[in-house]
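In what follows, a single structure is set out as structure tokens and then discussed.
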Amino acid sequence: MRVYLSEDYKSMSRRAANIISAQVITKPDCVLGLATGGTPVGTYQQLVEWYKKGDLSFAETKSVNLDEYLGLSPRHEQSYRYFMQSNLFDHIDIKPENTHVLNGLAKSPVAECAAYNQLIRDLGGIDLQLLGMGHNGHIAFNEPGDNFGLETHVVNLTESTIEANKRFFERREDVPRQALSMGIKNIMNARRILIVVSGEEKADIVYRAFRGPVTPDVPASVLQLHPDVTLVGDRAALSKLVEAGEPVCG
Ligand code: PGA
């Protein structure tokens, strides 16, 4: 694993965007695995800026997103499809038909998950998967205790994830209780992984994920077994890793 330490959120975002843009420049028709949440927003802003300057084109790029709330329409402001449109897709030249987000309104969620696994295979797999990490160590909606062998599946959100995500909704009761999510197996099959972390409140879980035992109790810990992981974080989020002597690049 390579660890890049940036002083603050903005430089962390620029670093992550650099890694994604290098992927897109070296393989324009690559498959990007994309993530939602607060942490990648700055990364997407940076990519949009470079696209607008003419430094980057996504005309041949394909994307698959990690997850979607069950029961939310793509037009719901808190759906992950809406998030991706408003934070990235609407501002770059990626072709709409090349962007893939699970359908939260699918009549058969189980069939939707199976079709998504097939889609990822048909696309030739994921070249670079961007990830955030939850306070409980979840990646996508793979919550503590979930089986590492799962592909895309229906998930019951934990209370801690509902608590963390309620900031985006008017009321806690509005947070969906279920989601569709790629599984750890899909994520581990990506050729490269880029994980972004920011803020002091992530310092403990970052330490547990990358210095603790590999265990389903901390889903992100499985990334220790992946051969090509880059962790990009700000100083606050990486503070415990650094204290423990993890070698970092500046
Ligand atoms: P955050 O979410 O980036 O908003 O902290 C990360 C996650 O829950 O995966």
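In each ligand, atom 1 is the first atom listed, and ligand 1 is the first ligand listed.
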is_close_aromatic(F169, Y69), centroid dist under 6.0 Å
yes

Counting distance only, does the side-chain N/O of D127 pair as donor-acceptor with the main-chain N or O of R192 below 3.5 Å?
no

For the pair Y80 (side chain) and G37 (backbone), establish whether a donor and an acceptor sit closer than 3.5 Å, ignoring hydrogens and angles.
no

Donor-acceptor pair, D29 side chain versus E60 backbone, under 3.5 Å?
no

Taking Y9 for the side chain and G42 for the main chain, is one N or O donor matched with an acceptor at less than 3.5 Å?
yes

Is a side-chain N or O of T61 found less than 3.5 angstrom from the main chain of P28, in a donor-acceptor match?
yes

Measure and list all N/O to N/O distances between ligand 1 and the protein that fall under 3.5 angstrom.
unit_1	atom_1	unit_2	atom_2	d
ligand 1	3 (O)	G38	N	3.3
ligand 1	3 (O)	T39	N	2.9
ligand 1	3 (O)	T39	OG1	2.4
ligand 1	4 (O)	G38	N	2.8
ligand 1	4 (O)	R167	NH2	2.9
ligand 1	5 (O)	K202	NZ	2.6
ligand 1	8 (O)	H138	NE2	2.7
ligand 1	9 (O)	H138	NE2	3.4

